[in-house]
Number of protein chains: 2
Amino acid sequence: MRYSDFLDIIDESRASACRQVFMDNKGTIKIRKEKTAVKNFEKIFDAVFEITYEKGFAGMSMRDLSRKTGLSLGALYPYFKSKEELLAIIQRHGQTLIKDVLETFCAKHEGAVEKLEAVIKAHIFLSEKARPWFYFMFMEAKHLNADERKAVLETESYTEKVLVDILEQGERSGVFRKQNHILAASIIKAMQQEWYLKRWKYSKRNISVDDYAEYVLGVVRAFCLA
Amino acid sequence: MRYSDFLDIIDESRASACRQVFMDNKGTIKIRKEKTAVKNFEKIFDAVFEITYEKGFAGMSMRDLSRKTGLSLGALYPYFKSKEELLAIIQRHGQTLIKDVLETFCAKHEGAVEKLEAVIKAHIFLSEKARPWFYFMFMEAKHLNADERKAVLETESYTEKVLVDILEQGERSGVFRKQNHILAASIIKAMQQEWYLKRWKYSKRNISVDDYAEYVLGVVRAFCLA
DNA sequence: GTCTATACACAGATAGAC
DNA sequence: GTCTATCTGTGTATAGAC
């Protein structure tokens with residue numbers, strides 16, 4: 001699977017993400033018209049990611065956000081009831097995104113080797129497609145309140161468990177070697193994370209997401225295959 | 001080399017770090033007595049790391065810092081002329097720490113394999129010894145001004161280059177296989193980073209720094225050795 | 001839905017007594 | 001060296017006109 005194949009399979013666009021956010025938060029969002037909401041959420045999220053990449057979420061003032069989106073301070077609040085809530089909205093959507101994609105690609109294969117490769121690549125490709133979202137989720141998780149933070153840890157455990165289960169399945173069927181699968185899964189996750197945390201390094205060096213994903217799979221084969 | 005051996009070789013303690021900071025910043029620090037300065041810098045750094053781990057550096061107010069250190073607001077400023085300067089002091093010291101340790105352990109070996117293993121372990125062990133420092137450096141680099149930020153990127157390039165040079169040396173002497181050494185170095189750095197970014201995961205699971213370092217070396221051998 | 005104007009809490013930083 | 005008191009700017013959030 002290459003990145004272009006991945007894009008054909010999942011239809012993840014900025015607009016669809018914003019529509020999803022609108023549906024999931026109808027309770028707190030004061031805006032009634034979907035079209036308006038989607039259009040402005042696009043502006044808002046883009047602005048949040050851009051400003052936050054520079055100075056962090058805590059360092060972003062609502063005035064910064066107002067300036068960058070072109071919406072006034074007063075016009076922002078109908079979209080989220082507080083700055084804290086805005087953070088939570090972004091984090092929650094990111095988590096469902098990850099879970100949905102992993103489930104989709106897990107279900108596509110039976111054999112452990114194929115399943116592992118699909119799941120690893122899907123995660124890297126999703127983080128490429130929604131790079132600012134992933135970067136934001138990682139860097140700003142600490143600013144969530146206790147409950148939301150717990151949800152992040154649960155997603156973290158979930159994605160690790162997906163990998164561990166596949167590795168165990170492969171050990172039983174003899175394709176993967178016997179080893180500490182938790183450590184193996186952690187290393188895999190570390191390599192996936194590298195892609196969206198240090199993206200600038202790879203852009204500068206013309207290393208594409210396909211290059212990177214293939215390299216990671218080579219490493220994984222080297223230390224997992226029996 | 002095990003973690004305990006590493007500790008015998010480098011004499012890195014909280015007090016020695018604070019003494020170094022005091023010496024390196026005599027120009028801006030208003031306190032004259034070394035003993036006082038070291039004692040309070042220990043309190044200050046501990047407090048910064050603890051508060052920042054919870055809410056980030058931008059989210060830490062000087063009043064938070066005052067409360068946690070037990071020093072009044074007015075008593076803090078003689079130690080650094082602004083909050084921004086406090087951030088820079090911590091980042092600068094962290095960078096010299098990394099460079100010094102890498103140089104020390106690079107010089108200890110001739111062969112590429114031994115050199116690579118020593119350098120990888122030294123970095124992981126240093127990040128274990130100064131864990132909060134490393135975590136802080138990574139998470140708060142974005143709040144530096146342009147010049148200090150450039151210095152961080154240079155340290156990043158430097159540590160990567162150390163690895164690439166060793167991999168190339170080993171390729172020439174036939175012990176490492178021919179491959180994209182930049183990607184190899186990046187993956188190694190990603191695994192090192194994992195240790196201090198997700199430390200809680202490993203504490204919870206009773207995986208020691210020696211366990212982790214050995215596992216990483218196993219992975220490295222699997223995809224680097226000829 | 002979006003605007004302007006504003007409430008009021010809290011930030012970083014300093015002055016000057018001890 | 002460290003304290004308390006305070007200056008001044010900026011933060012989030014809301015009210016009410018359009």
Side-chain angles (χ1 to χ4, degrees), chain A residues 18-19 21-22 25-45 47-48 51-52 54-90 140 143-145, chain B residues 18-19 21-22 25-45 47-48 51-52 54-90 140 143-145:
Chain A
C18 293
R19 198 166 305 116
V21 166
F22 175 66
N25 295 278
K26 275 199 166 158
T28 53
I29 295 173
K30 296 275 200 305
I31 312 295
R32 303 280 84 208
K33 291 205 305 209
E34 175 174 313
K35 219 180 141 185
T36 312
V38 169
K39 185 190 71 184
N40 282 330
F41 266 127
E42 289 192 42
K43 280 190 205 165
I44 291 170
F45 294 145
V48 167
I51 300 167
T52 300
E54 290 301 317
K55 27 180 167 173
F57 190 73
M60 176 191 81
S61 71
M62 291 302 293
R63 286 180 173 91
D64 289 336
L65 188 57
S66 161
R67 207 174 306 122
K68 186 78 85 181
T69 55
L71 288 158
S72 70
L73 264 178
L76 285 171
Y77 280 90
Y79 290 85
F80 45 87
K81 69 176 200 292
S82 68
K83 195 187 169 192
E84 193 187 347
E85 171 70 10
L86 172 60
L87 172 64
I89 286 173
I90 297 176
E140 310 300 340
H143 297 117
L144 292 166
N145 66 38
Chain B
C18 294
R19 199 166 304 115
V21 166
F22 175 67
N25 296 279
K26 276 199 165 158
T28 53
I29 295 171
K30 295 277 200 308
I31 312 296
R32 302 282 84 209
K33 291 206 305 209
E34 175 175 314
K35 221 180 139 182
T36 311
V38 169
K39 186 191 69 185
N40 282 330
F41 267 125
E42 290 193 41
K43 280 190 207 165
I44 292 169
F45 294 145
V48 167
I51 301 166
T52 300
E54 290 301 317
K55 28 181 168 172
F57 189 73
M60 176 191 80
S61 72
M62 292 300 295
R63 286 172 175 86
D64 289 336
L65 188 56
S66 161
R67 207 175 307 123
K68 186 78 87 181
T69 55
L71 288 158
S72 69
L73 263 179
L76 285 171
Y77 280 91
Y79 290 85
F80 46 86
K81 68 176 199 294
S82 69
K83 196 188 169 193
E84 192 187 348
E85 171 71 10
L86 171 60
L87 172 64
I89 286 173
I90 297 176
E140 311 299 339
H143 297 117
L144 292 167
N145 65 39

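By convention in this document, chain letters (A, B, ...) are assigned in the order of the sequence lines, proteins followed by strands, and residues within each chain are numbered from 1. No experiment lies behind these values; they were computed from the predicted model shown.
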Here the distance between atom P of dG11(D) and atom CG of L86(A), to the nearest Å, is 16 Å

Give a yes or no answer on whether the side chain of D64(B) reaches the backbone of M60(B) with a donor-acceptor pair at less than 3.5 Å.
no

So, does S61(A) get its side chain near the phosphate of dG11(D), meaning an N or O under 4.0 Å from OP1 or OP2?
yes

Roughly how many Å is it from CD1 in I29(B) to P in dT2(D), rounded to a whole number?
13 Å

Residue pair L73(B)/I31(B) against DNA chain D: nearer the 5' end by closest nucleotide is I31(B)

Any cation-pi pair here, K83(B) with F57(B), using under 6.0 Å and within 45°?
yes

Tell me which nucleotide among dT2(C), dA13(D), dG12(C) gets nearest to the side chain of Y77(B).
dG12(C)

Base, sugar-phosphate or nothing for K30(B)? Non-hydrogen atoms, less than 4.0 Å.
nothing

Has the side chain of T69(A) got a donor or acceptor atom that lies under 3.5 Å from a matching backbone atom of K43(A)?
no

Between T36(B) and dG1(D), does any side-chain N or O lie under 4.0 Å from OP1 or OP2?
no

Starting from C1' on dG11(D), measure out to CG on D64(B) and report it in whole angstrom.
15 Å

When you look at CD of E34(B), are more than 12 heavy atoms from neighbouring residues, nucleotides or ligands closer to it than 6.0 Å?
yes

Write down the distance between CD (E85(A)) and P (dT14(D)), rounded to a whole number of angstrom.
12 Å

Nearest whole angstrom, please: distance from the P of dT2(C) to the CZ of R67(A).
19 Å

L65(A) has an atom CG; how far is it from atom C1' of dA13(D), in whole Å?
14 Å

Does the side chain of Y79(B) get closer than 4.0 angstrom to OP1 or OP2 of dG1(D) through an N or O atom?
no

Minimum-distance nucleotide to S72(B) side chain [options: dG12(C), dT2(D), dA13(D)]:
dT2(D)

Rounded to the nearest angstrom, tell me the gap between atom NZ in K83(B) and atom P in dT10(D).
15 Å

Are F41(B) and Y79(B) an aromatic pair, judged by ring center distance below 6.0 Å?
yes

Rounding to an integer number of Å, can you tell me how far L76(B) CG sits from dT2(D) C1'?
10 Å

So G70(A), base contact, sugar-phosphate only, or nothing? Heavy-atom distance under 4.0 Å.
sugar-phosphate

Nearest nucleotide by nearest heavy atom, which residue falls closer to the 5' end of DNA chain C, R63(A) or P78(A)?
P78(A)

